[in-house]
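A short worksheet on the structure shown next.
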There are 2 protein chains.
Amino acid sequence: MRGQALKGHLDLLLLAVVSDGPKHGYAVIEELRLRSVDTFDLPEGTVYPALHRLEKAGYLSSDWSEVQGRRRRTYTLTSRGASALGEQRQSWADFSAAVNHVLNRSPWPTTS
Amino acid sequence: MRGQALKGHLDLLLLAVVSDGPKHGYAVIEELRLRSVDTFDLPEGTVYPALHRLEKAGYLSSDWSEVQGRRRRTYTLTSRGASALGEQRQSWADFSAAVNHVLNRSPWPTTS
DNA sequence: GCTTGACACCTAGCTTTTCTAGGTGTAGAT
DNA sequence: ATCTACACCTAGAAAAGCTAGGTGTCAAGC
C-alpha cells in the first residue's frame, strides 16, 4: 500500500484531470484512481485543500450545484490554469528525464 | 534555473549515485548535477541532512578521512541500502508510469 | 598580506505539501 | 435502522526541502 509520494506533482495531476472537462472534487478523485490504475487513490483531505489552493491561485474556478439532493462544487480550468498546466507538463518531462538520466548513469540528453 | 520539484524522490537519487561507488557529500552533489545536466543542482542544506537521514536509516555507512587538509565524510551503500534502492527504483517506475497515464488519459499499461 | 573562490562540512528554523482524523449531510439498499 | 456510496469540509501533525547562516582548508590573484 503506497501512494503517498506524489509530492510536488499533485497540482499537475489535478489540472490535467480537470482540463478534460469540468469536474467536482469527488469525481476528480475517482478519475485519478481510474486513470492511474489505483496508484493514486488520494484521500479527500489531500484533494479538497489542493483544489482550494488551485482556485485561490487562479488556476481553477468553481460553481456550486445540486444534483439529486447533493451539493457539488464543480471546478473548471481557467486560462491561467491552462498555461500553468502546460508549464507543469514540461517541468514533469524535464524532471522525469533527469531522474532517468541519474538512474541510468547517462548525463547526456536522450537523442533517440 | 529551476528544478525544486524532486520532493520525495531525493533518497532514490542519492542512493543511486552512491551505488556506483563510495562518495563524499560534496562529490554526490557534483555527480548529481553532472548526470542530470544541471537539472538537479542541490543546495548543501538539502543534501547533507538527507545523507544523515539515510545513514541513520541504515542505508548508508560513512567514514571520515582527510585529503589535502580537508576532511571528508565518505558514504558507502549498505546491503540494506542496496535493497532499498531496488525497491525505490521500482516505485519510481510505477509512479512515473502512473503520472504518464494520467497525463495521456490512458488508464491501461503502456504495452508498447 | 589579503581577498576571493572552490572545496568540504554542518545546523536551526522556515515554508510548503500531504496526510490523519475527525466532522456534516443526502440517497438508496438491506 | 443501518450501512455504503456520494459529497463536502477543516485543524493539526508530520515530513521534506530550502534558506541562511556558520566553520575551516587550500590555491590563485592582486
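We name chains A, B, ... by the order of the sequence lines, and we start the count at 1 in each one.
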Is there a side-chain contact between [X] and [Y] in this structure, where contact means two heavy atoms from C-beta onward sitting under 4.5 Å apart?
{"X": "Asp11(B)", "Y": "Arg53(B)", "result": "yes"}
{"X": "Leu14(A)", "Y": "Leu32(A)", "result": "yes"}
{"X": "Glu55(B)", "Y": "Leu51(B)", "result": "no"}
{"X": "Leu60(B)", "Y": "Thr76(B)", "result": "no"}

Might you list the N or O atoms of the protein lying below 3.5 Å from N or O atoms in nucleotides 8-12 of chain D, with each pair's distance?
{"unit_1": "dC8(D)", "atom_1": "OP1", "unit_2": "Arg73(A)", "atom_2": "N", "d": "2.8"}
{"unit_1": "dC8(D)", "atom_1": "OP1", "unit_2": "Arg73(A)", "atom_2": "O", "d": "3.3"}
{"unit_1": "dC8(D)", "atom_1": "OP2", "unit_2": "Gly25(A)", "atom_2": "N", "d": "3.3"}
{"unit_1": "dC8(D)", "atom_1": "OP2", "unit_2": "Tyr26(A)", "atom_2": "N", "d": "2.5"}
{"unit_1": "dC8(D)", "atom_1": "OP2", "unit_2": "Tyr48(A)", "atom_2": "OH", "d": "3.1"}
{"unit_1": "dC8(D)", "atom_1": "N4", "unit_2": "Glu44(A)", "atom_2": "OE1", "d": "2.4"}
{"unit_1": "dC9(D)", "atom_1": "OP1", "unit_2": "His52(A)", "atom_2": "NE2", "d": "3.3"}
{"unit_1": "dC9(D)", "atom_1": "OP1", "unit_2": "Arg73(A)", "atom_2": "NE", "d": "3.1"}
{"unit_1": "dC9(D)", "atom_1": "OP1", "unit_2": "Arg73(A)", "atom_2": "NH2", "d": "2.7"}
{"unit_1": "dC9(D)", "atom_1": "OP2", "unit_2": "His52(A)", "atom_2": "NE2", "d": "3.2"}
{"unit_1": "dC9(D)", "atom_1": "N4", "unit_2": "Glu44(A)", "atom_2": "OE1", "d": "3.4"}
{"unit_1": "dT10(D)", "atom_1": "OP2", "unit_2": "His52(A)", "atom_2": "ND1", "d": "3.4"}

Starting from [atom2] on [N], measure out to [atom1] on [X] and report it in whole angstrom.
{"X": "Arg33(B)", "N": "dC7(C)", "atom1": "CZ", "atom2": "C1'", "result": "12 Å"}
{"X": "His9(A)", "N": "dC19(C)", "atom1": "NE2", "atom2": "P", "result": "13 Å"}
{"X": "Leu42(B)", "N": "dC18(D)", "atom1": "CG", "atom2": "P", "result": "6 Å"}
{"X": "Ile29(B)", "N": "dA8(C)", "atom1": "CD1", "atom2": "C1'", "result": "9 Å"}
{"X": "Phe40(A)", "N": "dC19(C)", "atom1": "CZ", "atom2": "P", "result": "10 Å"}
{"X": "Asp11(B)", "N": "dA16(D)", "atom1": "CG", "atom2": "P", "result": "7 Å"}
{"X": "Lys23(A)", "N": "dA7(D)", "atom1": "NZ", "atom2": "C1'", "result": "16 Å"}

Position toward the 5' end of DNA chain D (nearest nucleotide), Glu30(A) or Gly69(B):
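It is Glu30(A) whose nearest nucleotide is closer to the 5' end.
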Give the ring-plane orientation class for Tyr75(A) versus His52(A), where under 30° counts as parallel, over 60° as perpendicular and anything between as tilted.
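Rings of Tyr75(A) and His52(A): tilted, as their planes differ by 30° to 60°.
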Parallel, tilted or perpendicular: which describes the rings of His9(B) and His9(A), with under 30° parallel and over 60° perpendicular?
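Plane angle between 30° and 60°, so tilted.
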Within the sub-3.5 Å range, which N or O atoms of nucleotides 28-30 of chain C have a protein N or O partner, and how far apart are they?
none

Looking at CG of Asp41(B) and CD of Glu30(B), how far apart are the two atoms once the value is rounded to the nearest 0.5 Å?
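That separation rounds to 10.0 Å.
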Quick check for you: to the nearest 0.5 Å, what is the distance between Gln88(B) atom CD and Leu13(B) atom CG?
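Gln88(B) atom CD to Leu13(B) atom CG measures 9.5 Å (nearest 0.5 Å).
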What is the minimum heavy-atom distance between Ser61(B) and Thr78(B), and which atoms define it?
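Looking at all heavy atoms of both residues, the shortest contact is N-CG2, 3.8 Å.
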For Ala16(B), does its backbone N or O pair with a side-chain atom of Arg89(B) as donor and acceptor, under 3.5 Å?
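No.
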Could you check Arg53(A) against Val67(A) and say which one's nearest nucleotide on DNA chain C is further toward the 5' end?
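Upstream on the strand: Arg53(A).
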Taking it one step at a time, do Phe95(B) and Phe40(A) satisfy ring-ring contact (aromatic ring centres under 6.0 Å, His included)?
CA-CA 9 Å; Phe95(B) 173 78; Phe40(A) 301 136; 5.8 Å; yes
Secondary structure of DNA chain D in dot-bracket form (Watson-Crick or G-U wobble, distances below 3.5 Å, | marking inter-strand pairs)
||||||||||||||||||||||||||||||
